[in-house]
Asker: 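For reference, the structure I am asking about is given below.
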Amino acid sequence: MKPDNFRKYAAEVVEWMASYMEHVEEFPVKSQVAPGDILSKIPDRPPLKSEPFEQMMKDLDSVIMPGITHWQSPNFYAYFPANASPPSILAEMIIATLGAQCMIWETSPAAAELEEKMMVWIRDMIGLPPEFEGVIQDSASNSTLAAILTAREKATAFETNENGISSYPTLRVYCSGQAHSSVEKAVKICGIGRKNLVKIPVRDDYSIDPVELEKAIENDIQQGFKPICVVAALGTTGTTAVDPIRRIGEICSKHNIHFHVDAAMSGAALLLPEFRWMIDGKEYIDSLVFNAHKWMFTNFDCSAYFVRDAASLIKTFEILPEYLKTRTRGQVNDYRDWGVPLGRRFRALKLWSVIRYYGVEGLQEKIREHINIAKQLAGMISNEPDFELLAPVTVSVVCFRYRPAKHDEATLNRLNEKLNHTLNDSGKIYLTHTTLDGRYSLRMATAQTNVTLNHVQKAWALIKQTARNTSVER
Ligand SMILES: *Cc1c(COP(=O)(O)O)cnc(C)c1O
């Protein structure tokens, strides 16, 4: 494709993008296709001869768009936000154009140094102490994997990397039953074994019970296990409950255990001074992950991983084949040593664009607004006698259920599941569920980039009306 053709098609694509942003609310939020629908519309064999680009754009609308779930719709309340924003998208276009592999400093010094500085900006924006250094990972899952691998190496004098895992006592990792599944995945991958992930009970507010945590750790030590890492949730996946950082930190410090904090989604609230209570005890934290690609308006992927001791992280991942030896080694950050992949995208450019476009105050304003909307929604729910909140609202996630009088728990679960499906099938809003103490809970995250109170008021009217028209099957 010649530059002039590119210019013409790019203009068309940008028009498509802007028009999508304008009309995103007109699509069914959750894709309504059945399994195989899209598959059957894609040819079994690739074209042998060149096809016009126009054909691709036509098929984008007719074949692909029906199978898209619209995460950028303000009527999207499911899972967690995966927010994009215009400044982030514009930077992403430039990143793709440069196509730079940012594995080491020499393969694009600007990428390495911008990443270093962006991590300083974000570290200060979320109130982490200045001794922390950061690196951009593709996901919170990989950040947590990096944390547990580092914990494993620190606890085994960096010998597991050398000899394999067998020569040490059985290692143990701790989190609550409400922690994200990425903790379990990491423990499986790094050879510790799922059986050695100890899930600690939670308190009434769904945060980890530190008394139970300490008991479990001390009991394990007595039994000959070696506790190496506690993963605290700064915002659990189900209800965004915040584990008590200071109490856990004291326990970790006493037993020389790596303390990792998963702030993947709720970490964005740390931009607000009034939410800094969530990391009270931060002096105990060894590592923390915060996904800018969730609630900080930076399109996927962009996960900020912070460590107190970068040397341990690098020692865990470093590898130096002949072809990667450079003259600048040691003077600069070669980020391929800070995580699993060698190849790395120039993700820092998105952060630069987003933070400069909105400014810290602009970001704070948006996040504060989302939290305020969640609070208002919680108020609307508690005003209705046939609905109930099922968990405290910490930031921007509201858990609730429909509870008309005189139904047993099993019936209520079926009723709310049916309600959830009816709402999602309407295409008007999309929300997901969680289970809390065996109760099926609807769950709304009010944190999409463009969500307003007006959207949530309309959603709530729809939920009430649909619920009261939903019959219970016996
Ligand atoms: C979303 C989420 C994750 C996983 O994030 P990825 O970047 O998709 O790996 C982990 N922990 C928490 C608390 C989350 O909300």
Side-chain angles (χ1 to χ4, degrees), residues 69 71 76-84 88 122 126 134-149 173-190 197 199-200 202 205-208 229-243 245 248 259-270 275 278-279 285 287-306 339-341 344-345 347 350-351 367 370-371 374 391 393-399 431-434 436 443-448:
T69 288
W71 288 69
F76 181 98
Y77 303 103
Y79 305 103
F80 47 80
N83 289 337
S88 173
I122 293 187
I126 64 175
V135 54
I136 305 178
Q137 306 276 3
D138 57 359
S139 61
S141 302
N142 257 337
S143 300
T144 293
L145 175 62
I148 294 178
L149 284 169
V173 175
Y174 306 80
C175 65
S176 87
Q178 294 288 319
H180 189 265
S181 58
S182 55
V183 182
E184 185 165 320
K185 201 186 234 180
V187 167
K188 288 195 326 185
I189 294 169
C190 68
L197 174 63
K199 298 223 175 134
I200 306 296
V202 291
D205 66 353
Y206 299 104
S207 67
I208 197 168
C229 185
V230 175
V231 181
L234 195 149
T236 57
T237 308
T239 72
T240 63
V242 178
D243 290 342
I245 301 301
I248 300 169
F259 183 19
H260 176 60
V261 175
D262 176 0
M265 162 151 163
S266 297
L270 292 173
F275 277 86
M278 296 196 296
I279 43 165
I285 298 173
S287 56
L288 177 144
V289 58
F290 155 54
N291 279 349
H293 67 228
K294 274 188 170 151
W295 193 13
M296 211 183 82
F297 319 109
T298 308
N299 66 287
F300 192 84
D301 54 343
C302 194
S303 177
Y305 178 56
F306 293 97
V340 176
R344 309 176 74 254
R345 299 177 347 96
R347 291 169 292 215
K350 288 189 285 192
L351 288 173
I367 292 164
H370 292 164
I371 293 171
V393 177
T394 316
V395 284
S396 55
V397 169
V398 182
C399 294
L431 64 164
T432 45
H433 79 283
T434 187
L436 298 168
R443 185 181 168 285
M444 270 175 87
T446 61
Q448 205 285 323

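Here, residue 1 is the first one in the sequence, and each next residue gets the next number. Numbering of ligands and ligand atoms starts at 1, following listing order.
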Asker: To check your reading of the model: name the closest protein heavy atom to atom 14 (C) of ligand 1, its residue, and the distance in Å.
Answerer: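 Of every protein heavy atom, Lys294 NZ, 2.8 Å lies nearest to atom 14 (C) of ligand 1.
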Asker: May I ask you to decide if Tyr77's main-chain N or O and Arg443's side chain share a donor-acceptor pair within less than 3.5 Å?
Answerer: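 Between the backbone of Tyr77 and the side chain of Arg443 there is no qualifying donor-acceptor contact (under 3.5 Å).
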Asker: Checking the N or O distance criterion of under 3.5 Å, is ligand 1 in contact with Asp138?
Answerer: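 No - when backbone and side-chain N and O of Asp138 are compared with those of ligand 1, no distance drops under 3.5 Å.
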Asker: What part of Asn291, side chain from CB on, backbone N/CA/C/O, both or neither, has a heavy atom under 4.0 Å from ligand 1?
Answerer: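 Just the side chain.
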Asker: Which protein heavy atom lies closest to atom 4 (C) of ligand 1, and at what distance to 0.1 Å?
Answerer: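 Sorting protein heavy atoms by distance from atom 4 (C) of ligand 1 puts His180 CE1, 3.3 Å first.
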Asker: Would a distance-only check, ignoring hydrogens and angles, find a side-chain to backbone donor-acceptor pair under 3.5 Å from Asp243 to Ile208?
Answerer: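 Yes; at least one donor-acceptor contact below 3.5 Å.
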Asker: Determine, step by step, whether Arg345 and Asp301 satisfy the salt bridge (charged side-chain N to carboxylate O under 4.0 Å, His left out) criterion, reporting the C-alpha distance in whole Å, the side-chain angles of both residues, the deciding distance to 0.1 Å, and the verdict.
Answerer: CA-CA 9 Å; Arg345 299 177 347 96; Asp301 54 343; 3.0 Å; yes
Asker: Is atom 11 (N) of ligand 1 near the protein, in the sense that some protein heavy atom lies at less than 4.0 Å from it?
Answerer: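 It does: a protein heavy atom is found less than 4.0 Å away from atom 11 (N) of ligand 1.
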Asker: Heavy-atom contacts with Gly235 under 4.0 Å: which atoms of ligand 1 show up? List them by number with element.
Answerer: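 Reading through ligand 1 atom by atom, the close ones are 13 (C).
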Asker: Would the Phe80 and Trp71 ring centres measure less than 6.0 Å apart?
Answerer: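 So the answer is yes for these two rings.
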Asker: With distance as the sole criterion, is a donor-acceptor pair present between the side chains of Ser287 and His260 under 3.5 Å?
Answerer: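 Their side chains do contain a donor-acceptor pair, which is all the 3.5 Å distance test asks for.
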Asker: Provide, to 0.1 Å, the distance between atom 13 (C) of ligand 1 and the closest protein heavy atom, together with that atom's residue and name.
Answerer: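 Here the closest protein heavy atom is Asp262 OD2, 3.4 Å.
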Asker: Is a donor on one side and an acceptor on the other found under 3.5 Å between the side chain of Thr394 and the backbone of Thr240?
Answerer: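 Yes: the side chain of Thr394 pairs with the backbone of Thr240.
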Asker: With a cutoff of 4.0 Å, is Ser303 in contact with ligand 1, counting heavy atoms of the residue only?
Answerer: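 No, Ser303 has no heavy atom closer than 4.0 Å to ligand 1.
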Asker: Establish, from distance only, whether the side-chain atoms of Ser88 and Asn299 form a donor-acceptor pair under 3.5 Å.
Answerer: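 Yes, a side-chain donor-acceptor pair sits under 3.5 Å.
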Asker: Would you say the side chains of His293 and Ser303 form a donor-acceptor pair under 3.5 Å?
Answerer: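 Per modelled atom types, His293 and Ser303 side chains form no pair under 3.5 Å.
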Asker: Thr237 heavy atoms, cut-off 4.0 Å: which ligand 1 atoms fall inside?
Answerer: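 Every atom of ligand 1 under 4.0 Å from some heavy atom of Thr237: 13 (C).
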Asker: Against heavy atoms of His293, which atoms of ligand 1 measure under 4.0 Å?
Answerer: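 Every atom of ligand 1 under 4.0 Å from some heavy atom of His293: 7 (O).
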Asker: Only one of Leu351, Asn83, Asn291 passes side-chain contact (heavy atoms from CB on, under 4.5 Å) with Met296; say which it is.
Answerer: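 Exactly one pass, corresponding to Leu351.
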Asker: Of all the non-hydrogen atoms in the protein, which one sits nearest to atom 6 (P) of ligand 1, and at what distance?
Answerer: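 In this structure, atom 6 (P) of ligand 1 has Ala140 N, 3.5 Å as its nearest protein heavy atom.
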Asker: What do you reckon, does Ser182 have a nitrogen or oxygen under 3.5 Å from a nitrogen or oxygen of ligand 1?
Answerer: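 Between Ser182 and ligand 1, no N or O pair is found under 3.5 Å apart.
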Asker: Distance to 0.1 Å, residue and atom name: give those for the protein heavy atom nearest to atom 9 (O) of ligand 1.
Answerer: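 Closest protein heavy atom to atom 9 (O) of ligand 1: Ser141 OG, 2.6 Å.
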